[in-house]
J.: 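Take a look at this one; I'll ask things after.
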Amino acid sequence: MTHRFRTLRSLFLISRSGTPRAAFLGSSWPAKMAAPVGKAARGWSVLALGLRSVVPRLPGLTQVRWSRYGPEYKDPQIDKEYYRKPLAELTEEEKYEQELRKIQLIKAAPAAKTSSVFEDPVISKFTNMMMKGGNKVLARSLMTQTLEAVKRKQFEKYHAASAQEQATIERNPYTIFHQALKNCEPVIGLVPILRGGHFYQVPVPLPDRRRRFLAMKWMITECREKKHRRMLMPEKLSHELLEAFHNQGPVVKKKQDMHKMAEANRALAHYRWW
Amino acid sequence: MLKRMTRLVSGARQLDPGRLLHGGPQAPQSLAAHPDNQVPDGSPRAVSCTSEGDPARHGEQHEARHYCIPLQDLRTTFPHGLPPRFGMQVRTFNEACLMVRRPALELLRYLKNTNFAHPAVRYVLYGEKGTGKTLSLCHVIHFCAKQDWLILHIPDAHLWVKNCRDLLQSTYNKQRFDQPVEASSWLKNFKTANERFLSQIKVQEKYVWNKRESTEKGRPLGEVVEQGLTRVRNATDAVGIVLKELKSQSRLGAFRLLVAVDGVNALWGRTTLKREDKSPVAPEELALVHSVRKMVRNDWHGGAIVLTLSQTGSLFKPRKAYLPQELLGKEGFDALDPFIPILVSNYSPKEFESCIQYYLENSWLQHEKAHTEEGKKELLFLSNANPGQLERLCAYL
């Protein structure tokens, strides 16, 4: 539910008077004002350098949860190629940018982001979603074991296949991973909308990031729940990824069920106002 | 040969022939400068593989190249199995390729020049974790098997001093303990590896197992092994008898004996085994360890002893320890002294290049960036040219 309001860049704001606004989790009111948090009233905080938020200030509202970086902090440039370009090749714009970076304040790069050539943002996101309790070491090792398991299974199939089939067998675990997740992404989703005291499941087009999130979430939930007690995660996950790569398996089935329900409820599509 | 030709067709896709043949700034010139007579030049596998399958003929020109062990030989020479990750690689590639490296070549040279009239020389392979001690030992064992030596191979001595479910009081000596499961599995593998010698070697004493069974003098050694396999209670004693007989008869010159123990520091460390009253068991109280300790002494001749130190399975030793003094302790070092230490270190640039080429030829490195120079530099940095780490890195790339 809350994902809908992310697009409005909802921040948790509290009113100056301190009274929590009416809970509108059930309302269909297009909430331009964000959800209240029951915190004590605070006046305007002292606008120290680096503690400002980007969102235009609304009268009577102070931000409670914000990034420690102000708007003047720029994102770090991780790409090695950017720094390796010889001076002669730079355009005016790039030269200006580089000069500017010497003076500007720059945020610290997150620990998980490296300038490695083997880095993949999708794999990093998936690893983070698999992580439990902050145990990134375990999550990363599970991810690498999964990729290895996928590779070994494909190699086995490759050696057992005939010459014509060998050309069709994909052995790169990264392509398999990306294709499998793409096959699991739903195109259209359902959102509960309150009308006349009842919740209706309304079909709604999903933004890209929501689709990617759903694909990964379904994959991880499937692998965690529907497996034998003694089966290890890499084994199960590699099996599910290979099935999804071939457009089979329970995760793709879930996506197709979602599509079918959206198709069935298409009469309610006009309840959507955005 | 046909299999290799079809593999060349699929392997050539991933390779950059320009780099190999003309030699880029990274490619060590020595690789291209040593053409192999058997494999045609210009083919991708000439660089990282050699078709010389006999370790006896391996020399300096084969350094940093991989050679294949036929899969049938694997079952007879290594019945205990190879190290687990190497075993997985063998199953995935359908071939067992070992790299010929300097420590192994040195050892082979010493073994070729052994004087069998002198007492057995002890060679100790030591080095940091993942540098290739066990696989160098496997190389040496393959050489000796090809030369028709009798191989006494203990794949991991650490397994005998930990996680033992049943410890029986020894029938031979009341102070010591028997390990029936470990002893019988070792006897089974010993029988598979040295089938042909078991009928030739005759026992020189009468051994009485119990009231009804005994082995007469002059019977083949195979009977002792059978007795150990059928009566699991006597397995440890059978192992002791086998070791004693081999030691006494190796001087007669009918066969040459190779004693290969991996993780020999387990024999002089501590155990995690406990008696019924929870008091700890010292290694010398285990009959198996006692017999192997006697075997590793250099009071016999007609063979050689090759040992490996290993921290990986060891008990109560710090992770960074790899020197003989640290791992063996005072007692072990004095027992093994004098020995020839052979250091096994990380890959040299040539060996690293060869390993990467081998993986590329087998299409093991699937990541598109792994084929580039940047990728190779990064692999070198991440693994520090450590063979074990490199293997683990390339497994998921």
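The chains referred to below are lettered A, B, ... by the order of the sequence lines, with proteins before strands, and numbering in each begins at 1.
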J.: Counting heavy-atom pairs under 4.5 Å with chain B, which one of A/Gln145, A/Arg84, A/Met143 comes out on top?
T.: A/Arg84
J.: Counting only heavy atoms from other residues, nucleotides and ligands, does the tally under 6.0 Å from NZ of A/Lys85 exceed 12?
T.: no
J.: Please output the residues of residues 384-397 of chain B in contact with chain A, using a heavy-atom cutoff of under 4.5 Å, in numerical order.
T.: B/Glu391, B/Cys394, B/Ala395, B/Tyr396, B/Leu397
J.: Might you confirm whether atom NE2 of A/His259 has over 12 heavy atoms from other residues, nucleotides or ligands at distances under 6.0 Å?
T.: yes
J.: Looking at NZ of B/Lys369 and CG of A/Asp120, how far apart are the two atoms once the value is rounded to the nearest 0.5 Å?
T.: 11.0 Å
J.: Would you say B/Met88 and A/Glu148 make side-chain contact, with heavy atoms under 4.5 Å?
T.: yes
J.: For A/Phe118, which atoms come within 4.5 Å of any heavy atom of chain B: side chain, backbone, both, or neither?
T.: both
J.: Can you name the side-chain contact (heavy atoms from CB on, under 4.5 Å) partners of B/Thr192, sequence neighbours left out?
T.: B/Pro79
J.: Would you find more than 12 non-hydrogen atoms of other residues, nucleotides or ligands less than 6.0 Å from B/Phe381 atom CZ?
T.: no
J.: Kindly compute the distance separating OG1 (B/Thr92) from NE2 (A/His159), expressed to the nearest 0.5 Å.
T.: 7.5 Å
J.: For side chain to side chain contact (heavy atoms under 4.5 Å, CB included), just list the numbers for B/Gln366 and A/Gln154, CA-CA rounded to whole Å, side-chain angles, deciding distance to a tenth of an Å, and then say yes or no.
T.: CA-CA 12 Å; B/Gln366 287 280 327; A/Gln154 290 298 94; over 6 Å; no
J.: Does a sphere of radius 6.0 Å around NZ in A/Lys253 hold more than 12 heavy atoms from other residues, nucleotides or ligands, not counting ones at 6.0 Å or beyond?
T.: no
J.: Measure from the side-chain N and O atoms of B/His367 to the backbone N and O of A/Tyr174, and report whether any donor-acceptor pair falls under 3.5 Å.
T.: no
J.: Just wondering, more than 12 heavy atoms not from A/Tyr96 lying within 6.0 Å of its OH?
T.: no
J.: What do you reckon, is NZ of B/Lys129 surrounded by more than 12 foreign heavy atoms closer than 6.0 Å?
T.: no
J.: For A/Arg140, look at atom CZ and say whether over 12 heavy atoms of other residues, nucleotides or ligands are found less than 6.0 Å away.
T.: no
J.: Would you indicate whether A/Glu81, at its atom CD, is surrounded by more than 12 heavy atoms from other residues, nucleotides or ligands within a distance under 6.0 Å?
T.: yes
J.: Please state whether the rings of B/Trp364 and A/Phe155 are parallel, tilted or perpendicular, taking 30° and 60° as the class boundaries.
T.: perpendicular
J.: Are a donor atom and an acceptor atom from the side chains of A/Ser116 and B/Glu378 found within less than 3.5 Å of each other?
T.: yes
J.: So does A/Glu156 pair up with B/Arg91, basic N to acidic O under 4.0 Å?
T.: no
